[in-house]
Number of protein chains: 2
Amino acid sequence: MHYRNQFTLLLFALFVWSNFTYAQEGIDLEIMYKIKNEGMRNSQIQELSFHLTDLMGPRLSGSTNLRRSREWTAEKFKEWGLENVKIDSYGEFGRGWDVKKSYIAMKDPYYASIIGHPKAWTDGTNGLISSEVMLVDIQKESDIDQYKGKLSGKVIIVPTTLSTSPAFEAEARRLTEEDLEARKAVTIGGQGGGRYSPQQMERMRLQRELDAKVNDFLLEEGIALRLTGTRGNFGTVFHTRAGSFSKDKKKTIPEMEIALEHFGRIERLIKNGQKVTIDAEIEVEWLDDDYKGYNVLAEIPGTDKTLKPELVMLGAHLDSWHAGTGANDNAAGVVVMMEAIRILKSIGVQPRRTIRIALWGEEEQGLFGSRGYVQKYVADRQTKDKKGEWDKISAYYNVDNGSGKIRGIYLEGNDQLIPVFEKWFEPFHEMGAKTITRRNTGSTDHVAFDAVGVPGFQFIQDPIDYGRGYHTNMDLYERMQQGDMTQAAIIVAAMVYNTAQRDQKLPRKSWD
Amino acid sequence: MHYRNQFTLLLFALFVWSNFTYAQEGIDLEIMYKIKNEGMRNSQIQELSFHLTDLMGPRLSGSTNLRRSREWTAEKFKEWGLENVKIDSYGEFGRGWDVKKSYIAMKDPYYASIIGHPKAWTDGTNGLISSEVMLVDIQKESDIDQYKGKLSGKVIIVPTTLSTSPAFEAEARRLTEEDLEARKAVTIGGQGGGRYSPQQMERMRLQRELDAKVNDFLLEEGIALRLTGTRGNFGTVFHTRAGSFSKDKKKTIPEMEIALEHFGRIERLIKNGQKVTIDAEIEVEWLDDDYKGYNVLAEIPGTDKTLKPELVMLGAHLDSWHAGTGANDNAAGVVVMMEAIRILKSIGVQPRRTIRIALWGEEEQGLFGSRGYVQKYVADRQTKDKKGEWDKISAYYNVDNGSGKIRGIYLEGNDQLIPVFEKWFEPFHEMGAKTITRRNTGSTDHVAFDAVGVPGFQFIQDPIDYGRGYHTNMDLYERMQQGDMTQAAIIVAAMVYNTAQRDQKLPRKSWD
């Protein structure tokens, strides 16, 4: 009863207030029409997608290709007539790293190609190595002893707990009405308990300790190469990094991530007493000329005398993992955001507030670019010191959930925005976008803004090949659904425009 | 009316006869129990699967690994106490071919690994080649002129018409009741018209003529390597062969099949005016010491004085394509058939007729092994000359539709068998197998028997990862569903046993 009474009151308050707010959200239907028209008739999605994936290639943080991509996108912004285009350093990132050669194959018991890639920031092998593969199975510290003095110059594997299963689920799907409704539901008290029990946490801590000791041991022994199986099957390799990109990084073990099926074959052969030999070569190049990290920024300046120092931002991360071309993750987001601002510029909007696009660096390594930007210009997340842009940014919009259509928006718990976005999404119901949820969604650059109390949003998107796409060798141009991206760019352009024109900045959650 | 009267008569005749036949199909429930028990308790599926895929490797027709596999399976049959084990030549096949090295990567505009494999029976590259990629776009014969003298030593691609689409369909599924019912339906007059119109046939003929001319031109020019994109996406490469395995084969162009996404990238880059360079190496070894093809045969001899010269056969093809390990296609079938005969031997059946297993060679290149066997021992398909085994083989059972569960059987139009198999499948309804369809299914070794009027059957199986598995680099151990294969081996053992014990041979379709 207690809760029910409170809930009734809340509903009533929400009703009164939402009707008030709802009334004030104007939509300029002429501009909405022009945005749709420009996005559909003169789409640059295909050209941008090609350039960012096929031509720029994988854009690992700090790599040569990420540098090329910064230059290319900045040039594109200038070509489109955007202003204040700059490649802006947010501070230090670390070492750049390029793969110059990668080869791996099984030689015994028979020749077989292996799908594999060096882990990011791994050291090279100093030429072609040819070695028997040793299975190193260390369950407890004392197991290390039996391998002492035996591993120098060898290729090793550690048994995997990963397994494959038949693909009964499709990789791509459209969210149904039911899915979308479910996404609105909010569970009071959070969405379930913590993922791990204290006992599990302790086991994981001990495992990490043991892993670190094993790693030190393997380094000491001077193994030639470690092979790791990755989650994913059908030859899709998910990527992680080996060691550190820090400029003070010490030497690490050369490591390759290989297709789980190819890893499984080696493991099963050795466990059945068969000799397996591997030929492999990794050649890498370290870039030590510039440790800084960068974002690419560009603007359509505001025109309202009072409001023009204020900002509406849109962005996506330009960096990716290193074996695909970072297509769904996140050339798709970059292309959508670039296209959105191109559309606005092309139709000649004169926004009241300034519209600023940001292409972030180093998201995949921990949101470095967006957090660095926020730290430099917006606020300090720890000390809560506000900087110049804190009370100027009305909202930040992000796309980083692949190339699927926009179906709605996550409000990060900010209920006040429900009536605003309900109104703003009205012209896009016909395009399948209408779901406003107060839920949070995580793990990408809008979080950097949300963390300092500035409204930061990520859209709800159809999950198209994202599970096989993100962080994999198969995240390539073909994964990008260009029709879907055309829709997304139009909707982003509209949201950005509406935010730029609104009398007030968007209401915020409390932060101080 | 004419048809209706005939149909009524037919129905009546069928009713009388089927009740007669039905009554005589005895099932020995004790043996059925023992088969299930042995198959479930002492299954060798896992060990056999490992040996045939991981350990034997790809088993391309004529290759070293196929030779090893023949030896290993024959040894296994002897170990199990089967009799008349032999590696039996059916005649000439052609040259063996092994891959000794395969490497391909893009060097410009940036380094990127490429998933690719030499086409079967391609020639090698004579060491590492490094070349710009030329796009050769020949739509009509006169287009050839513009490339004359320009392609020597170059890597070339020909534009592809293949494309990828998002994976909205799952790779694996269980057949539903509805699917199974649909599979029983028979369309009088065939299942739809011919696939191609005369106009299409003519266009295809002209295209083939042009392709042959282009091929001759490329060979003359002395190109270093041709890259082909294949159907399939997410890095799955489907295989075909280049040129011929004939012992009289002339020199061919070295060819590699690469992942469609990687092919697409090269094609798009070149079309956009970018220079693409490739490093590649193919090293192959030709086996010219034995051009014969072989099947592996073994038996549980019959014990009935009158019936023991008669045969029940079961089989599957031992050969595969060359970049995976031929797991679903068709180590799965071989393992199921080996396990079925092992079960029968283990429980000590004393069959009336002789049970003979055959592991066929060279199925993938045109049913060479089974057709060769039939030609040698059963009958001549063309002349209709019958040989010794023609009236001795009661039935041939085949498994070659992947590792999915058996759900029923195709009767190849032989309606007389409906009541027989309805009865025989009764003990397996609980395992999901019950659908008897008079429909045909094609493209594997039972066709060789059916073609000479000897009952040859393939089972209805759940399609588990078969679409991504067959003829691909991803047809590996992990694709095999060992629980499903356990079920399949039990059912095959039961069908074979029932066929061996039946008073009469199975009724046949007319052939003479």
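Values reported hereafter were calculated over all heavy atoms of this structure, with side chains retained and with hydrogens, waters and symmetry mates removed.
- Look at A:Asp279 and B:Lys101 and you find no salt bridge, because none of the NZ, NE, NH1 or NH2 atoms lies under 4.0 Å from a carboxylate O.
- Taking the six-membered ring where the residue is Trp, A:Tyr470 and A:Phe238 present perpendicular rings, their angle passing 60° and hence far from 30°.
- Proximity to chain B is limited to the side chain of A:Arg68, based on heavy atoms less than 4.5 angstrom apart.
- With a 6.0 Å radius and a threshold of 12 heavy atoms from other residues, nucleotides or ligands, A:Glu178 has its CD atom at or below the threshold.
- A salt bridge does not link B:Lys405 to B:Asp462: none of the charged nitrogens lies less than 4.0 Å from a carboxylate oxygen.
- For B:Gln481, the part sitting under 4.5 Å from any heavy atom of chain A is the side chain, from C-beta outward, and nothing else.
- Using a 4.5 Å cut-off between heavy atoms, B:Thr164 contacts chain A through its side chain alone, with no backbone atom that close.
- With a 4.5 angstrom heavy-atom cutoff, A:Thr325 touches chain B only via side-chain atoms.
- A:Ile115 touches chain B through its side chain: at least one heavy atom from C-beta onward sits under 4.5 Å away, while N, CA, C and O do not.
- A donor-acceptor pair shorter than 3.5 Å can be found between the side chains of B:Gln482 and B:Tyr477.
- By the 30° and 60° cut-offs, the orientation of the rings of A:His51 relative to A:Trp72 is parallel.
- Of all the listed residues (A:Arg174, A:Glu169, A:Glu261), the one sharing the greatest number of non-hydrogen pairs under 4.5 Å with chain B is A:Glu261.
- Looking at B:His117, only its side chain comes within 4.5 Å of chain A, counting heavy atoms on both sides.
- Listed options B:Ala259, B:Ser113, B:Ser163 were ranked by heavy-atom pairs under 4.5 angstrom with chain A; first place goes to B:Ser113.
- If you tally non-hydrogen atom pairs under 4.5 Å between each of B:Thr64, B:Val99, B:Ile104 and chain A, the highest count goes to B:Val99.
- A salt bridge between B:Asp98 and B:Arg67 is absent, with no side-chain N of the basic residue lying under 4.0 Å from a carboxylate O of the acidic one.
- Proximity to chain A involves both the backbone and the side chain of B:Leu269, based on heavy atoms less than 4.5 angstrom apart.
- Only the side chain of B:Leu476 comes within less than 4.5 Å of a heavy atom in chain A; its backbone stays farther off.
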Kindly list each side-chain donor-acceptor pair under 3.5 angstrom involving residues 270-278 of chain B, sequence neighbours excluded, with atom names and distances?
from     : atom 1 : to       : atom 2 : distance (Å)
B:Lys271 : NZ     : B:Glu267 : OE2    : 2.8
B:Asn272 : ND2    : B:Arg268 : O      : 2.8
B:Thr277 : OG1    : B:Asp108 : N      : 3.2
B:Thr277 : OG1    : B:Asp108 : OD2    : 2.6

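- Only the backbone of A:Leu260 comes within less than 4.5 Å of a heavy atom of chain B; no side-chain atom from C-beta onward does.
- Neither the backbone nor the side chain of B:Met106 comes within less than 4.5 Å of any heavy atom of chain A.
- A side-chain N or O of B:Asp179 and one of B:Thr176 form a donor-acceptor pair less than 3.5 Å apart.
- For B:Phe50, the part lying under 4.5 angstrom from a heavy atom of chain A is the side chain only.
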